[in-house]
Amino acid sequence: MSMNLKEKLKVAKERNEFRVLKDLILSKNDIKEYEIIQEDIDYQAVIDIAFERQVLLKNECDARIMKKNFKSFVSGIDDNEDLTFCTSTIDNVFFIRLQAGIIKRNIDFFWGDERLYKNSQDRIFFSEKKNKGFTVLKSEYGLEVAEW
């Protein structure tokens with residue numbers, strides 16, 4: 001198979017996976033399709049920002065316990081400010097940007113929906129300028145949590 005064809009198949013698969021995620025978000029929220037924006041962001045760059053702020057919760061393995069802290073974080077963000085969150089499939093990582101008000105109105109979905117997080121327990125949320133963020137990353141020692 002030529003590299004060009006392989007690349008086209010990879011792009012088609014990624015588009016299809018994003019479409020499934022987009023349809024899920026649309027089905028669970030009263031929003032328009034144009035409000036869901038896929039961002040092209042380097043995963044490692046986001047992790048690097050959070051790294052110095054991370055605190056280890058040793059032997060804790062369930063990211064869902066941080067929901068209360070996440071609610072506090074998101075409540076401090078203006079409804080019209082954009083927040084980007086990370087979700088993944090088996091083959092791809094997606095960064096999706098929405099207005100914070102959309103996330104606030106459906107915290108249970110954006111924090112804990114099994115279909116959004118079936119491939120990773122990590123929770124990554126940050127503002128457009130990356131000057132505000134909330135991450136919960138699962139590690140071999142427990143949860144690594146950061147808020148800025």
Side-chain angles (χ1 to χ4, degrees), residues 9-148:
L9 290 171
K10 180 180 174 188
V11 169
K13 182 176 184 179
E14 181 178 331
R15 283 186 184 149
N16 184 56
E17 288 176 343
F18 180 68
R19 179 81 243 166
V20 169
L21 289 169
K22 198 174 195 178
D23 288 345
L24 175 62
I25 293 168
L26 287 168
S27 73
K28 297 295 180 182
N29 297 276
D30 186 24
I31 60 175
K32 305 288 184 211
E33 187 171 349
Y34 67 84
E35 294 178 277
I36 302 170
I37 300 165
Q38 182 179 6
E39 295 283 357
D40 185 18
I41 296 174
D42 177 43
Y43 180 85
Q44 190 59 49
V46 175
I47 299 306
D48 290 346
I49 292 169
F51 180 75
E52 291 183 18
R53 298 166 176 93
Q54 287 178 335
V55 175
L56 177 65
L57 302 180
K58 197 171 184 178
N59 300 323
E60 185 57 62
C61 298
D62 189 352
R64 293 174 295 184
I65 67 159
M66 297 305 297
K67 182 178 177 181
K68 180 179 173 185
N69 299 61
F70 175 66
K71 281 182 177 181
S72 176
F73 162 75
V74 81
S75 71
I77 296 177
D78 184 87
D79 284 359
N80 296 318
E81 189 173 344
D82 287 342
L83 272 181
T84 299
F85 75 97
C86 180
T87 186
S88 62
T89 62
I90 291 172
D91 297 317
N92 293 295
V93 174
F94 294 96
F95 287 97
I96 300 172
R97 181 168 40 107
L98 300 165
Q99 284 189 332
I102 296 167
I103 294 171
K104 287 179 184 182
R105 286 190 299 273
N106 200 350
I107 290 246
D108 291 337
F109 172 75
F110 287 104
W111 184 254
D113 190 280
E114 297 297 325
R115 292 162 294 181
L116 278 179
Y117 299 107
K118 68 180 174 187
N119 292 299
S120 173
Q121 280 200 26
D122 293 350
R123 303 295 193 272
I124 301 172
F125 292 83
F126 55 90
S127 64
E128 190 171 3
K129 295 178 184 176
K130 297 182 187 76
N131 60 337
K132 299 174 193 167
F134 188 88
T135 62
V136 179
L137 308 174
K138 189 172 180 184
S139 75
E140 62 187 289
Y141 303 108
L143 296 178
E144 297 175 2
V145 180
E147 183 175 346
W148 66 96

*With sequence neighbours left out, write down each residue that passes salt bridge (charged side-chain N to carboxylate O under 4.0 Å, His left out) with Arg115, or none if nothing qualifies.*
Asp113

*Distance from Leu21 atom CG to Asn16 atom CG, nearest 0.5 Å?*
10.0 Å

*Verdict with reasoning, Phe126 to Ile49, per side chain to side chain contact (heavy atoms under 4.5 Å, CB included)*: CA-CA 10 Å; Phe126 55 90; Ile49 292 169; over 6 Å; no

*With sequence neighbours left out, what residues match Lys138 under salt bridge (charged side-chain N to carboxylate O under 4.0 Å, His left out)?*
none

*If you take all heavy atoms of Ile102 and Phe110, which pair is closest and at what distance?*
O-CE1, 3.8 Å

*Does Asn92 use its side chain to pair, donor to acceptor, with the backbone of Glu17 at less than 3.5 Å?*
no

_Please find the pair of heavy atoms, one from Ser120 and one from Ser88, that lie closest to each other, and give the distance._
CB-OG, 3.8 Å

*Above 12 or not: heavy atoms from other molecules or residues under 6.0 Å from CD of Glu52?*
no

_Whether over 12 other heavy atoms sit under 6.0 Å from Arg53 CZ_ = yes

*Is there any ring pair (Phe, Tyr, Trp, His ring centres under 6.0 Å) pair reaching into residues 25-62, and which pairs are they, with sequence neighbours excluded?*
none

*Is there a side-chain contact between Asp79 and Lys104 (heavy atoms, below 4.5 Å)?*
yes

_Evaluate Ile65 against Leu143 for side chain to side chain contact (heavy atoms under 4.5 Å, CB included), listing each step before the verdict._
CA-CA 10 Å; Ile65 67 159; Leu143 296 178; 4.2 Å; yes

*Heavy atoms only: give me the nearest Gly112-Arg123 pair and the separation to one decimal.*
CA-NH2, 4.0 Å

*Gln121 side chain to Ala63 main-chain N or O, any donor-acceptor pair under 3.5 Å?*
yes

Name every donor-acceptor pair, under 3.5 Å, that has one atom in a side chain of residues 35-42 and the other anywhere in the protein, sequence neighbours excluded.
from, atom 1, to, atom 2, distance (Å)
Glu35, OE1, Lys32, N, 2.6
Glu39, OE2, Arg97, NE, 2.2
Glu39, OE2, Arg97, NH2, 3.0
Asp42, OD2, Ala45, N, 3.2

Output a table of donor-acceptor pairs, distance under 3.5 Å, between side-chain atoms of residues 128-137 and any protein atom two or more places apart or on a different chain; print 'none' if there are none.
from, atom 1, to, atom 2, distance (Å)
Asn131, OD1, Ser127, OG, 2.6
Lys132, NZ, Glu81, OE1, 3.1

*Sequence neighbours excluded, which residues qualify as salt bridge (charged side-chain N to carboxylate O under 4.0 Å, His left out) partners of Asp48?*
none

*Quick one: do Lys67 and Ile107 satisfy side chain to side chain contact (heavy atoms under 4.5 Å, CB included)? Show the steps, please.*
CA-CA 9 Å; Lys67 182 178 177 181; Ile107 290 246; 4.0 Å; yes

*With rounding to the nearest 0.5 Å, note down the distance linking CD1 in Ile25 to CG in Leu116.*
6.0 Å

*Which of parallel (below 30°), tilted (30 to 60°) and perpendicular (above 60°) describes Phe125 and Phe70?*
tilted

_I need the minimum non-hydrogen distance between Cys86 and Tyr117, along with the two atoms involved._
O-CE2, 3.7 Å

*Is any side-chain heavy atom of Ile77 less than 4.5 Å from a side-chain heavy atom of Ile103?*
no

*If we only count heavy atoms from C-beta on, is the Lys10 to Lys13 side-chain gap below 4.5 Å?*
no

*4.5 Å side-chain heavy-atom contact, Leu56 and Ser139*: yes

*Are side-chain heavy atoms of Glu144 and Val55 found at a separation under 4.5 Å?*
no

*asked:* I'd like to know whether Leu26 forms a side chain to side chain contact (heavy atoms under 4.5 Å, CB included) with Ile31, so could you lay out the CA-CA distance, the side-chain angles of the two residues, the decisive distance to 0.1 Å, and finally the verdict.
replied: CA-CA 6 Å; Leu26 287 168; Ile31 60 175; 4.0 Å; yes

*With rounding to the nearest 0.5 Å, note down the distance linking CD1 in Ile47 to CG in Asp122.*
7.0 Å

